[in-house]
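Comments concern the structure below.
In what follows, chains are A, B, ... by sequence order, proteins preceding strands, each numbered from 1.
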Protein chains: 2
Amino acid sequence: MKYTKPLLKLIEQFQRFPGVGPKSAERMAFHLINQEMSQLEEFSKAIIEAKTQIKKCSICQNLSSNDPCEICTNYERDKTTICLVSESKDLAAIDRADFKGLYHVLGGLISPIDGIGPDNLTIKELIGRLGKDDIKEIIVALDSSTEGEATTLYLHRILSPLCNRITRLGFGLSVGAELEYADELTLSRALESRTLIS
Amino acid sequence: MKYTKPLLKLIEQFQRFPGVGPKSAERMAFHLINQEMSQLEEFSKAIIEAKTQIKKCSICQNLSSNDPCEICTNYERDKTTICLVSESKDLAAIDRADFKGLYHVLGGLISPIDGIGPDNLTIKELIGRLGKDDIKEIIVALDSSTEGEATTLYLHRILSPLCNRITRLGFGLSVGAELEYADELTLSRALESRTLIS
């Protein structure tokens, strides 16, 4: 005998989440059934509300309750710089780092293994924006993975005729990192990008 | 600007789960809103069904759809041995190891720091069972943590007058473990519990 059927069903549901193994799924299911019914109803409501209320901004493709989103319609932001990110969560990370320009969410990275090519990304929408607005700089802010590198190089080739200044995030030591634990590639990039102590 | 409000709400809900930090909660929320509405409805249904259909077996206190549960009513099981576990998930683990007796789920471990004393466990219900049934052995199968040890010792003291044979799980090397990585305490216990090679 294992778990009772409704419990098994719930555990199965949690196992579908990314990064959730059988043990975590068990723990999460137990956590839920120990909640009050009112809290479970609140949880269900949050799921359905998120699904129905969240749309994509037709300009930057970011998730938002409004279209166009709060960033695209914010007059205080610098409209001459676009930062390209893969996903909304990367946008949130860059925004926490106090970037004040606009964004464009590509919706993924080029990855032939996963069947994702340039056509699956929102590159067409990006090119449309470049035609309309006066963009002076495009910052390509993608993961430093094989897919991120491939996508960065592809974007650079495609966008070069359309924008004079295309940049990428700098490489180097993480803030607070201990030298001893930094990998060789990161260290060699940190050496290349060394700056004068002022 | 961070995430849109319905998304933030959903992320908050996931952060309440045990072992789920802000990053995992984000990933889980994104996973959900990328699902079809039909899958989300299935998920909500699984939650509510689990909550409404799962009860506690009035004999062994395990989670079950029926009362008494499938284990307590199974005539093929050995009714003279009770295995004491802290939670339903521990019961499932022991059952996967092919134990054929009965169980009793204590509902936790004694932990003064968390305000859990003996009265919060289902010890009264256990003692009631000992009076009725012919129990020949009680196996105390609790975590090997401070709380597990304290609870094991407490149970041994309380149950000794009521049952002649009270045992606990053996200590030793994990199956497949490499000696090099075993901690000293485990190794010393494994030495103590060494057996003849037959």
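- The greatest number of non-hydrogen atom pairs below 4.5 Å with chain A, out of B:Lys9, B:Gln53, B:Arg16, B:Met28, is found for B:Met28.
- Shown here for A:Pro118 and A:Ile123, the closest heavy-atom pair between the two residues is O-CD1, 3.8 Å.
- In this structure, the portion of A:Ile54 lying under 4.5 Å from any heavy atom of chain B is its side chain and not its backbone.
- The aromatic rings of B:Phe17 and A:His31 lie tilted to each other, with the angle between the two planes from 30° to 60°.
- With a 4.5 angstrom heavy-atom cutoff, B:Ser44 touches chain A via backbone and side-chain atoms both.
- Only the side chain of B:Phe30 comes within less than 4.5 Å of a heavy atom in chain A; its backbone stays farther off.
- With B:Asp143 contributing its side chain and B:Gly148 its backbone, the two residues share no donor-acceptor pair below 3.5 Å.
- With a 4.5 Å cut-off on non-hydrogen atoms, A:Ser65 touches chain B through its backbone and its side chain both.
- Sorted by first then second residue, the side chain to side chain donor-acceptor pair (under 3.5 Å) pairs that include residues 102-129 of chain A, not counting sequence neighbours, are A:Asp95-A:Tyr103, A:His104-A:Thr122, A:His104-A:Arg129, A:Ser111-A:Asp114.
- Put simply, the side chain of A:Thr151 gets close to the backbone of A:Glu147: a donor and an acceptor are under 3.5 Å apart.
- The contact between A:Glu42 and chain B is made by backbone and side chain atoms together, counting heavy-atom distances below 4.5 Å.
- For A:Lys45, no part sits under 4.5 Å from any heavy atom of chain B, backbone or side chain.
- For B:Lys51, the NZ atom counts as densely surrounded, since its 6.0 Å shell holds more than 12 non-hydrogen atoms of other residues, nucleotides or ligands.
- Between chain B and the residues A:Glu41, A:Lys5, A:Glu12, A:Met37, the most heavy-atom pairs under 4.5 angstrom are made by A:Met37.
- Contacts between A:Glu26 and chain B at a heavy-atom distance below 4.5 Å involve the side chain alone, from C-beta outward.
- One finds no salt bridge joining A:Arg27 and B:Glu87 here, because no Lys/Arg side-chain nitrogen approaches an Asp/Glu carboxylate oxygen to under 4.0 Å.
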